Amino acid sequence: MKNLLPNYFFEQDTLTIAKSLLGQHLFSWDEKAQAFIICRIIETEAYTQEDPACHAYKGPTGRAKTLFKAPGLAYVYFIYGMYHCLNVVTEPLGTGGAVLFRALEPIYNPTEQELKTNGPGRLCKALNITKATHNELPLNQINPQLYLAQGENIPAKDIVTTTRIGISVAQDYPWRFYLKDNPWVSVTEKQRKPK
DNA sequence: GTCGCGATTTGCT
DNA sequence: GCAAATCGCGACA
């Protein structure tokens, strides 16, 4: 059994957590295989309460209430009428913040079927993560569905820092992080529209 | 109550 | 390259 991430991990600021999550592992229960799929975290984005692009920006209303709960919880939201996105809640109780998981690399896959986990909507689809089944699960504790565990620590030189994808405000915040040269990265710099 | 749009992905032109 | 798919939430009436 792998070690969980320590409690202090989730007491760090959101930006630090977003970077530190790279290389850590995510255990996701596969109902069909009756086993956990294990993935390495490849790409993340940070969102904080003061950030206009964050759902918590307008306060603890609607779906954003989850963001103000205890750090380490899952925040799963439904977007574009058809996709879900997985985040982990950050910041102390009463403060809103989260880290979005944008890409994973499957490192143990009991079903041996192809898992498309390069993209926030795709990874939720591949791992059967939905708001109804996974929102507010404690990712910092072992549970039957979804949790985080220690993987490897990535040296700073292997982390690429860039701006976030798909938002219309705060587009200049360098709050997206991914593993350099990793094939699972959802969008490479080359593919991005020039400003 | 109604309107517009979003932390995306896919398929067609 | 671009638009469609499709629904929850915030803004406004």
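Quick caveat, the model's predicted, so the values are computed rather than measured. Chain naming here is simple, since letters A, B, ... match the order of the sequence lines and numbering starts at 1 in each.
Under the rule for a ring pair (Phe, Tyr, Trp, His ring centres under 6.0 Å), the partners of Tyr77(A) that lie at least two apart in sequence or sit in another chain are His55(A), Tyr75(A). Under the side chain to side chain donor-acceptor pair (under 3.5 Å) criterion, Glu114(A) pairs with no residue at all, not counting sequence neighbours. Partners of Arg164(A) according to the salt bridge (Lys or Arg N to Asp or Glu O under 4.0 Å) rule, which considers only residues two or more places apart in sequence or in another chain, are Asp51(A). Considering only residues two or more places apart in sequence or on other chains, His84(A) meets the ring pair (Phe, Tyr, Trp, His ring centres under 6.0 Å) condition with Phe78(A). Residues meeting the side-chain contact (heavy atoms from CB on, under 4.5 Å) test with Pro138(A), sequence neighbours left out: Leu73(A), Asn140(A), Gln141(A), Asn143(A). The salt bridge (Lys or Arg N to Asp or Glu O under 4.0 Å) test applied to Glu50(A) returns no partner, not counting sequence neighbours.
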With sugar-phosphate taken as primed atoms, P, OP1 and OP2 and all else as base, the protein-contact string of nucleotides 5-13 of chain C at under 4.0 Å (heavy atoms; B, S, -) is BBBSSSS--

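Put simply, the side chain of Glu45(A) gets close to the backbone of Ile165(A): a donor and an acceptor are under 3.5 Å apart. With hydrogens and angles disregarded, a donor-acceptor distance shorter than 3.5 Å links the side chain of Thr117(A) to the backbone of Leu104(A). Looking only at distances, no side-chain donor or acceptor of Thr14(A) sits under 3.5 Å from a matching main-chain atom of Ala46(A).
Along DNA chain B, read 5' to 3', the first and last nucleotides having any atom under 4.0 Å from a heavy atom of chain A are dG6(B) to dT10(B).
Going from the C1' atom of dG1(C) to that of dA7(B) covers 23 Å, rounded to whole Å.
Within residues 42-56 of chain A, the residues approaching DNA chain B are Tyr47(A), Ala53(A), His55(A), by heavy-atom distance under 4.0 Å. The stretch residues 87-102 of chain A comes close to DNA chain B through Asn87(A), Leu100(A), Arg102(A), each having a heavy atom under 4.0 Å from the strand.
Just one of Thr133(A), Val76(A), Leu137(A) meets the side chain to side chain contact (heavy atoms under 4.5 Å, CB included) condition when paired with Leu146(A); it is Leu137(A).
Residue Leu100(A) is not grouped with residue Val185(A) when hydrophobic side chains (ILVMFWY) are merged at heavy-atom distances under 4.5 angstrom, including chains of intermediate members.
Where Ser168(A) and Lys116(A) each meet DNA chain B at their nearest nucleotide, the meeting point lying more 5' is that of Ser168(A).
With pairs defined as Watson-Crick or G-U wobble and both atom distances under 3.5 Å, the stems of at least three pairs that touch DNA chain B come out as B:1-6 with C:7-12, B:8-12 with C:1-5.
Judged as a ring-ring contact (aromatic ring centres under 6.0 Å, His included), not a single pair has a partner in residues 90-145 of chain A (not counting sequence neighbours).
With respect to the salt-bridge test (charged N to carboxylate O, under 4.0 angstrom), the residues Glu189(A) and Arg176(A) qualify.
Within a 6.0 Å radius of CG in Asp13(A), other residues, nucleotides and ligands contribute more than 12 heavy atoms. For Tyr57(A), the OH atom sits in a loose shell: 12 or fewer heavy atoms of surrounding residues, nucleotides or ligands are nearer than 6.0 Å.
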